[in-house]
2 protein chains.
Amino acid sequence: MTNLTEQDPSCTSISCQHCGLYQLGLSMGLDSADTSLPDRYIKRKFMLKRGQVLYRAGEEFTSIYSIRSGSVKTYISTDDGRLQITGFHVPGELLGLNAIGENRYNCEAVALEASSVCKISLECFQEIALQIPSVNYQMLRMMSKEIKHHQDLMLLLGKMSAEERLATYLLSLSRRFALRNYSPNQFNLSMSRGDIGNYVGIAEETVCRIFTRFQEEGLIIIRRRHIILTDIERLSVIAREPYQPPTVARYPLEI
Amino acid sequence: MTNLTEQDPSCTSISCQHCGLYQLGLSMGLDSADTSLPDRYIKRKFMLKRGQVLYRAGEEFTSIYSIRSGSVKTYISTDDGRLQITGFHVPGELLGLNAIGENRYNCEAVALEASSVCKISLECFQEIALQIPSVNYQMLRMMSKEIKHHQDLMLLLGKMSAEERLATYLLSLSRRFALRNYSPNQFNLSMSRGDIGNYVGIAEETVCRIFTRFQEEGLIIIRRRHIILTDIERLSVIAREPYQPPTVARYPLEI
DNA sequence: CGCCCTGTTGAATCTGGTCAAACTAAGTGG
DNA sequence: CCACTTAGTTTGACCAGATTCAACAGGGCG
């Protein structure tokens, strides 16, 4: 996802549209009146190396994280060590919120590449919530969104063929990029074939085979981690989705 | 699930341990002080016939429901009509809460058999929340629980063999029954083989085949909808779960 | 430059899906 | 009360898609 990082506009704490706090509806109360709030609250920005862990399942819930650049995967695991990736997360998305019910993270988050992350501590977050009551409601909305995402993934895992899964996957990536003003037709995959296969529930080798099949059929051009979607409409047919023309970004972002 | 209904204790609005409101932590403020609250709020109790719809996906969020007897399935669907069952719900469980973020239900709920249900309107619910602030927190907890449940299901759908899926399924049913003081070794399946298969992501026929295999191996005795788990330990091995002795019910219930 | 990780391809295998048919239990209506 | 219908379940035969195993290619990085 190097092209993402390149395109990433320089990001000050006030104008930063990538800052996930926008998704909590904080823009409402903050932009006009008290412009110092974000600086006070978005305490620590730091870098993650590829493979570095942001938090582990079962760990105490201390902070939420907003991705500024790079990408992060989250996954859960069985007792005997099998993993199921539950999401890939790109700049502008918030991580860790679902820990709020149990007070501990229920999945593990690991950087897929060098990534920049904002850490917002729980206390800061609660202080924000006090000042801006709608934050509570926004949190419910975000958990709802997450449930929706899980439901989509369950349908994918339970009911779709390998081709459908991959077409669906590529289209969903494309849509999320479009939403953030990146090209919906051309992007880098920051995750390995193995990660993709794990996420959509098929073997790594099947991912390869189907990608080459898609390429032979003129749907995509793929070379290692770089992919061009050359026929989104036909991909939509395979994924059995109604074709959706690219959406323009709005803020606060819909995930 | 006829045996469930038979065992179901008579259920007044005050002492009703099955009433899902206990899960919202309402017992704390209510039991001692204002014993009239439940009567005021748990307005409508009514019966559902088998196959009757409680709510549909996309419908406006008007009420949450607490199951008093019987059972209900919830499911989501693709554009082209394939369904994925996301849960089977038994007495004591609350339904519809996850609609709170989007203000519309995100799945469909249908009775599996004749069932009795309490309807709690949104307004009533909000009034309760005003009087008992902890309700907000309890809601977050419950959404967290739901996310946890989805994660388990995703692991099942994405990473498990057919045998593991069914063993896991039977054990999870057993555990939920134990939690409600029903027998963990012997119960009725209120859902069809097709529903079971849909839920765990395998074909109806595979469900049958594996159930008979389990029976031949002395793990279960199954005859139509009635099942006896004769070797829970060995089932746990197949499901790759650590063996858990049956848990006794506590209130408020953990789902 | 050489190693290592990731990705790709082929071949054999197998799990689980599909289709079809028989069977059971429970209604339903005459 | 019995014949008939229907929905649900079970079993068998066959097959396809996906997994597994193995070998190999090629980039990237020290």
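Numbered from 1 within each chain, the chains take letters A, B, ... in sequence-line order. All of these numbers come straight from a predicted model, not from anything done at the bench.
- Ring to ring, Tyr182(B) and Phe187(B) are not that close: their centroids are 6.0 angstrom or more apart.
- Checked by distance alone, Arg209(A) brings a side-chain donor or acceptor within 3.5 Å of a matching partner on the base of dT20(D).
- Using modelled atom types, one finds no donor on one side chain facing an acceptor on the other under 3.5 Å when comparing Tyr243(A) with Glu233(A).
- For the helix from dC1(C)-dG30(D) to dG30(C)-dC1(D), the axis fitted to the five pairs at one end and the axis fitted to the five pairs at the other end meet at an angle of 40° (nearest 10 degrees).
- Rounded to whole angstrom, the span from the CG atom of Leu112(B) across to the P atom of dA7(D) amounts to 17 Å.
- Atom CD1 of Ile202(B) is separated from atom P of dA18(D) by 17 Å (rounded to the nearest Å).
- For Ser161(B) and dT15(C), the shortest distance from a side-chain N or O to OP1 or OP2 is not below 4.0 Å.
- Side-chain nitrogen and oxygen atoms of Ser192(B) include none within less than 4.0 Å of the OP1 or OP2 phosphate oxygen of dA7(D).
- The phosphate of dG27(D) has OP1 or OP2 within less than 4.0 Å of a side-chain N or O from Arg223(A).
- The number of heavy-atom neighbours closer than 6.0 Å to CZ of Arg82(B), taken from other residues, nucleotides and ligands shown, is above 12.
- We find that CD1 of Ile210(A) is positioned 13 Å from P of dT8(C), with the value rounded to whole Å.
- When the P atom of dT10(D) is taken as reference, atom CG of Leu166(B) falls 12 Å away, rounded to whole Å.
- If you measure from atom CZ of Arg193(B) to atom P of dG16(C), you get 18 Å, rounded to the nearest angstrom.
- Note on Arg225(B): only backbone sugar-phosphate atoms sit closer than 4.0 angstrom, heavy atoms only; bases stay farther off.
- The base of dT6(C) does not come close enough to the side chain of Arg50(A) for any donor and acceptor atom to sit less than 3.5 Å apart.
- For Cys208(B), the listed nucleotide lying nearest its side chain is dT10(D); candidates were dT10(D), dG7(C), dT20(D).
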Take Arg234(B) and Glu217(B), measure what salt bridge (charged side-chain N to carboxylate O under 4.0 Å, His left out) needs, and give me the verdict at the end. CA-CA 10 Å; Arg234(B) 211 136 48 93; Glu217(B) 290 166 359; 5.3 Å; no
Would you sort out whether Arg240(A) and Asp79(B) count as a salt bridge (charged side-chain N to carboxylate O under 4.0 Å, His left out), showing the intermediate values? CA-CA 7 Å; Arg240(A) 294 166 195 260; Asp79(B) 299 323; over 6 Å; no
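- Toward the 5′ end of DNA chain D lies the nearest nucleotide of Ala203(A), the other residue of the pair Ala203(A) and Arg224(A) mapping further downstream.
- Between the C1' atom of dC5(C) and the CD atom of Glu204(A) lies a distance of 11 Å, rounded to the nearest Å.
- Rounded to a whole Å, the CD atom of Glu113(B) is 16 Å from the C1' atom of dG8(D).
- Rounded to whole Å, the distance from CD on Glu205(B) to C1' on dA21(C) is 12 Å.
- For the pair Glu108(A) and Arg56(A), the salt-bridge criterion is met [side-chain N within less than 4.0 Å of a carboxylate O].
- In summary, the side chains of Ser71(A) and His89(A) do not present any donor paired with an acceptor at a separation below 3.5 Å, with no hydrogens or angles considered.
- Heavy atoms of Thr206(A) sit under 4.0 angstrom from at least one base atom.
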